[in-house]
Amino acid sequence: MRKGSGRGRGHRSARATDSTDTDPDRHSLFERLGGVLPVADEAAFNVFSALTGTLTTHYWYLATLTSWAAGHGIASEDADRYVRGLFQGVGRALSDETRSLRQLAADHETPKGNNERIRTTWFDPANSEALTGALDALLTDLT
């Protein structure tokens, strides 16, 4: 386990901890904290570290949704409660590992519906390329 990998302060995560460490006692500890995902080498560890760099972006996305709703006359507290509830429900769908992430997205999308419209007009190929470019730059800095 490497220090400074962006795990957050004082937050117990229910996710797997990535580790190049093969010590069974440490693995046992990480299993109790949400699991351990052994990785082959430092290069793989750096990829997982880059992925953790997207967590606060997700929260800022949710905060932006809440601010947008408030800007359209919804009380901030109501917008916050609605967005939290909406994404907590979506988050629970992630436990279904029988469906790929792309399949989960498709299952929540109606053809020509609201979700498809936002995905195709906002998260378009240029947006996706910008995200992968930012991840690539972070990965370069981690190596």
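Keep in mind that what you see is a predicted model, and the values were worked out from it rather than measured.
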Is it the case that over 12 heavy atoms from other parts of the model lie below 6.0 angstrom from the OH atom of Y82? no
For R117, I'd like to know if atom CZ has over 12 heavy atoms of other residues, nucleotides or ligands within 6.0 Å. no
Roughly how far, to the nearest 0.5 Å, is the [atom2] atom of [Y] from the [atom1] atom of [X]?
X	Y	atom1	atom2	value
T66	R84	OG1	CZ	8.0 Å
L104	R99	CG	CZ	4.5 Å
D80	L65	CG	CG	11.0 Å
D107	R102	CG	CZ	14.0 Å

Quick one: do [X] and [Y] end up in the same hydrophobic cluster if we chain Ile, Leu, Val, Met, Phe, Trp and Tyr together by side-chain heavy atoms under 4.5 Å apart?
X	Y	answer
L86	I74	no
F123	W68	no
V47	F45	no

I'd like to check [X] versus [Y] (side-chain heavy atoms, cut-off strictly below 4.5 Å). Are they in contact?
X	Y	result
F87	Y61	yes
L94	L101	yes
F48	V39	yes

Looking only at heavy atoms, which two atoms of [X] and [Y] are closest? And how far apart?
X	Y	answer
T140	T143	O-OG1, 3.0 Å
T54	L51	OG1-O, 2.7 Å
E116	P111	OE1-C, 3.8 Å
A79	A70	CB-N, 4.5 Å

Got a list of side-chain donor-acceptor pairs under 3.5 Å for residues 127-138, not counting sequence neighbours?
unit_1: N127; atom_1: ND2; unit_2: W122; atom_2: O; d: 3.3
unit_1: T132; atom_1: OG1; unit_2: S128; atom_2: O; d: 3.3
unit_1: T132; atom_1: OG1; unit_2: E129; atom_2: O; d: 3.0

Partner set under salt bridge (charged side-chain N to carboxylate O under 4.0 Å, His left out) for E109, not counting sequence neighbours: R119
